[in-house]
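On a predicted model such as this, the values are computed, not experimentally measured, just so you know. By convention here, the first residue in the shown sequence is residue 1.
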Amino acid sequence: MGDALDASPQGYYVCSFDSGPVPIYCAWEEYSGVKWSPDGSCCLTVTDDNCTSRGQPIKLWDACSGQLRASYRAYDDADEITAAASVTFSPDGSKLLAGYNKALRAFDVARPGRECRKIATYRKRQEGSMAGIISCLCFSPVSNDLLAAGSYSRCIGLFDGRTYEQLLLLEGHKGGVTQVSFSPDGNFLYTGV
């Protein structure tokens, strides 16, 4: 417990739901990742070190009441639930983006369930596409139209945040990318492996 640290827009830090500023009643030991909505009214939780476990949806919690607001599920071609490896909100809070194997999925926050847009990040024999699991996501704080996506295949893709078209592929990391974050002024992209 207590290993999830993410600042809400109002500056709260959540270390654990049962002792932090926002009491969300759930099996906290299963949750180690938290992503706050831009307005701070709700947060996403995922399991197993920022990944949803097989058969478990991404969950959206009300930050005031602690009640589950919604859940979002992605399905593969065999109609089985597929686990997200990363999640983030769009800057306006209307979309939930999740990283999967060779794909991103965009869910409309107002429409929970399985309906989503699938954005392929990898295409066979196409140079500059992102293979592997999309392990981390971050929007630029200055240009809300720029999304960075890191992959365990040692690369980072920059995407248009409106159309989700890949703009650039950054390669050369020595290991899988596990963290991406923009500087507050949006001029730098920091990565961790």
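In the model, Ser143 has no side-chain atom that pairs as donor or acceptor with a side-chain atom of Asp145 under 3.5 Å.
Each of Leu158 and Leu137 belongs to its own hydrophobic cluster when Ile, Leu, Val, Met, Phe, Trp and Tyr are linked at side-chain heavy-atom distances under 4.5 angstrom. Cluster annotation: Leu170 and Leu147 are assigned to distinct hydrophobic clusters (Ile/Leu/Val/Met/Phe/Trp/Tyr, side-chain heavy-atom contacts under 4.5 Å, transitive). The cluster map of Ile, Leu, Val, Met, Phe, Trp and Tyr, joined by side-chain heavy atoms under 4.5 Å apart, puts Met130 and Phe139 in the same cluster. Tracing side-chain contacts under 4.5 Å through hydrophobic residues (I, L, V, M, F, W, Y), one never reaches Ile134 starting from Val87; they form parts of separate clusters. A continuous path of hydrophobic side-chain contacts links Leu146 to Leu189 [ILVMFWY only; heavy atoms under 4.5 Å].
Contact between Pro91 and Pro38 at its shortest, heavy atoms only, is O-CG, 3.2 Å. Counting all heavy atoms, side chain and backbone alike, Asp185 lies closest to Val142 at O-CG2, 3.0 Å. Closest heavy-atom contact between Leu96 and Tyr72: CD2-CD1, 3.5 Å. The two residues Phe159 and Ala149 make their nearest non-hydrogen contact at CE1-CB, 3.8 Å. When all heavy atoms of Cys138 and Phe182 are compared, the closest pair comes out as O-CE1, 3.5 Å. In terms of heavy atoms, Ala70 sits closest to Pro112 at CB-CB, 3.5 Å.
A salt bridge between Asp79 and Arg114 is present, with a side-chain N of the basic residue lying under 4.0 Å from a carboxylate O of the acidic one.
Residues that satisfy the side chain to side chain donor-acceptor pair (under 3.5 Å) test with Ser90, not counting sequence neighbours, are Asp92. Residues meeting the side chain to side chain donor-acceptor pair (under 3.5 Å) test with Ser71, sequence neighbours left out: Arg73. With sequence neighbours excluded, no residue satisfies side chain to side chain donor-acceptor pair (under 3.5 Å) with Arg123. Every residue two or more places apart in sequence or in another chain that forms a side chain to side chain donor-acceptor pair (under 3.5 Å) with Ser153 is listed here: Ser151.
Listed by first and then second residue, the salt bridge (charged side-chain N to carboxylate O under 4.0 Å, His left out) pairs involving residues 94-108 amount to none (not counting sequence neighbours).
Note that the CG atom of Leu168 and the CG atom of Asp160 stand 13.0 Å from one another [nearest 0.5 Å]. Atom OG in Ser94 sits 13.5 Å away from atom CZ in Arg111 (nearest 0.5 Å). Of the inter-residue distances, the one linking Thr82 atom OG1 with Glu80 atom CD reads 9.5 Å to the nearest 0.5 angstrom. Atom CG of Asp62 and atom CD of Gln67 lie 8.0 Å apart (nearest 0.5 Å). If you take CZ on Arg69 and SG on Cys42, they are separated by 4.0 Å, rounding to the nearest 0.5 Å. Distance SG/Cys116 to OH/Tyr75: 10.5 Å, rounded to 0.5 Å.
When side chains are defined from C-beta on, Val193 does not count as touching Thr178, because their heavy atoms never get closer than 4.5 Å. With contacts defined as side-chain heavy-atom distances shorter than 4.5 Å, the pair Leu97/Phe89 does not qualify. Here the side chains of His173 and Ile156 are in contact, with some heavy-atom distance below 4.5 Å.
When hydrophobic residues (I, L, V, M, F, W, Y) are linked wherever their side-chain heavy atoms come within less than 4.5 Å, the members clustered with Tyr190 are Phe188.
Checked by atom type and distance alone, the side chain of Ser37 never pairs as donor or acceptor with a backbone atom of Cys43 at under 3.5 Å. Using modelled atom types, one side-chain atom of Ser135 and one backbone atom of Val177 make a donor-acceptor pair closer than 3.5 Å.
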Give the intermediate values and the outcome of side-chain contact (heavy atoms from CB on, under 4.5 Å) for residues Leu60 and Ile58. CA-CA 7 Å; Leu60 180 69; Ile58 300 165; over 6 Å; no

Audit row: Lys59, Leu44, side-chain contact (heavy atoms from CB on, under 4.5 Å) steps and yes/no: CA-CA 6 Å; Lys59 294 181 179 177; Leu44 296 170; over 6 Å; no

Determine, step by step, whether Ile133 and Tyr100 satisfy the side-chain contact (heavy atoms from CB on, under 4.5 Å) criterion, reporting the C-alpha distance in whole Å, the side-chain angles of both residues, the deciding distance to 0.1 Å, and the verdict. CA-CA 5 Å; Ile133 296 170; Tyr100 294 87; over 6 Å; no

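Applying the 6.0 Å contact sphere to CZ of Arg154 captures no more than 12 heavy atoms from other residues, nucleotides or ligands.
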